[in-house]
Amino acid sequence: MTKTHVFMSSLWRLIYWYVPCLLLGVIIEQVAWCLFAAALCHLIWLYRSQYVLHQWLWFARSATPPEGKGSWESIFNGIYRLQRRHKRKRKELRTVIRRFREGAEAMPDAVVALDTDYSIVWCNKLAPQLIGLKWPDDAGQHIGNLIRTPDFIQYLNGKDYQLPLEITSPIHNAKTLEIRLMTYTDDQAMLVARDVTELRQLEQVRRNFMGNVSHELRTPLTVLKGYLEMLEPDDSDKMFARAHKVMSEQTARMDALVNQLLALSRIEAAQDVDFEMEVDIPFMLSMLEQEVQILAADKNLKVSFDIAEGLFAFGDESQLRSAVSNLIYNAARYTPDDGSIFVTWQQTYAGGHFSVKDTGDGISVEHLHHLTERFYRVDDARSRDSGGSGIGLSIVKHVLSNHDSVLEVTSEVNKGSCFSFVLAQVKTVKRL
Ligand code: ADP
């Protein structure tokens, strides 16, 4: 039914009612009375229809609209259509909510839907088991009242939910949970808690294994090294002299590998870094500059250091020395003769910025993401020749992660590489 059609039919209905009344009034010479009577009847009919509509809307059990006459018929039918549409929409919405809940129930993680003020709106069946939430008793409670660990409260208030948070389960001390918070509309958030206890235990077992194996290899290696040092090769026995040389080289390589593995497991097992400790990075770098010059002289490398005077960092000195020396020695090892290395440590708006640039062979893009994996080497032969084991950059990655930083690498094949990182916690000390 179009708008004009509705208007015209209402108009015709009025004409059909008032024109005969008017004619009757003319005939009996009582036009005013006839029109008055017609208007009164019209008004009574309107009130009656309005009453029927009211009764139907508020008291009728049936959804079917009452019989209406004239324009009221289309009003009743219109309301009935609207009601049916709403009913259909409500049904669709209920289905969507049911599906969402069934999906959330099927997840192997605890899921809690939160409101703007972080009060609990809904949770799945795993939430009581992992977080200790009581449903439905805890509906409307602030999530911070249930997970009370300071780390979680800080995470909640920090509003930066890009990275997950690991906490001990509030109801099982032995369980480790990985918490993720996702905001999905302006005023809704979803908390997902995953049990990562087994994963962390496996990582611990792997770490212990690496540490134990490296430790156990130390004693036999020391014995071998000792005997090799004692045995002086005799020039007349060429075969023995060659074997002695190879054995000495390989034991030295193995010794370096074991030391690196031990360093890595020590850094991985290290408790939280004490950020109260000051580290004199300029002094550390001046020492390393002297050491690396020896290696550089053999290859005729040009080494330059640009160090901000008195720029101290906060953190673990031995870990930072390990990271910085690995990067500088890598640059010296992977830069061919007559190349150059440029080391900087400068204050920037983000903190202390350390970088090592070299004019070495460079690394192609596909390797860049794997560089910090343990035992990863871009070119096995080249790395082995230079005494590499593929552990150095893993150490760097862990040290930086312990210091809330990350390693940035840019490189171009045959042009060179740049390894850098930023330490946010620094201070400048005036030297007397
Ligand atoms: P490695 O002990 O083998 O040097 P790292 O973990 O320190 O182990 O480095 C991993 C790999 O990254 C190396 O094998 C090497 O191929 C590559 N690499 C590291 N630093 C550089 C660099 N400055 N220039 C070119 N390649 C590099």
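One-based numbering, in listed order, for ligands and for the atoms of each. Computed from a predicted structure; not experimentally measured.
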Would you mind running through ligand 1 and noting each atom that sits below 4.0 Å from a heavy atom of [X]?
X: I391; result: 6 (O), 8 (O)
X: R333; result: 1 (P), 2 (O), 4 (O)
X: L371; result: 12 (O)
X: F419; result: 20 (N), 21 (C), 22 (C), 23 (N)
X: R377; result: 3 (O), 14 (O)

Is it true that, when you exclude [X] itself, more than 12 heavy atoms of the residues, nucleotides or ligands shown sit nearer than 6.0 Å to its [atom1]?
X: F375; atom1: CZ; value: yes
X: R207; atom1: CZ; value: yes
X: R242; atom1: CZ; value: no

Look at atom 1 (P) of ligand 1 and find which of G416, G390, S411, G392 reaches it with the closest heavy atom.
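Minimum heavy-atom distance to atom 1 (P) of ligand 1 goes to G390.
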
Margin query: Tell me the nearest of V356, L327, N330 to atom 19 (C) of ligand 1, using heavy-atom distances.
Written below: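 Ranked by closest heavy atom to atom 19 (C) of ligand 1, first place is N330.
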
Give, for atom OG of S318 and atom CZ of R266, the distance between the pair rounded to the nearest 0.5 Å.
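S318 atom OG to R266 atom CZ measures 7.5 Å (nearest 0.5 Å).
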
* To do: Measure the spacing between CG of D195 and CG of D109 and express it to the nearest 0.5 Å.
  =>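 Taking CG in D195 and CG in D109, the distance rounds to 9.0 Å.
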
- Message: Would you say the ring centers of F354 and F419 fall short of 6.0 Å from each other?
- Response: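 Judged by ring-centre distance (under 6.0 Å), F354 and F419 do not meet the cut-off.
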
With heavy atoms under 4.0 Å as the rule, classify the contact between [X] and ligand 1 as side chain, backbone, both or neither.
X: L393; value: both
X: Y376; value: backbone
X: H367; value: neither

query = With no hydrogens and no angle check, do the side chains of S420 and S355 hold a donor and an acceptor under 3.5 Å apart?
reply =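 The criterion, which ignores hydrogens and geometry beyond distance, is not satisfied for S355 and S420.
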
Open item on the list: Against ligand 1, does N326 come closer than 4.0 Å with any heavy atom?
Closed with: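 Judged by the 4.0 Å heavy-atom criterion, N326 does not count as contacting ligand 1.
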
Can you list every salt bridge (charged side-chain N to carboxylate O under 4.0 Å, His left out) pair that touches residues 221-233, not counting sequence neighbours?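 Listed once each, the pairs are K225-D255.
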
Review point. Under 3.5 Å between some N or O of ligand 1 and some N or O of Q260?
Key: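 No, no N or O pair falls under 3.5 Å.
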
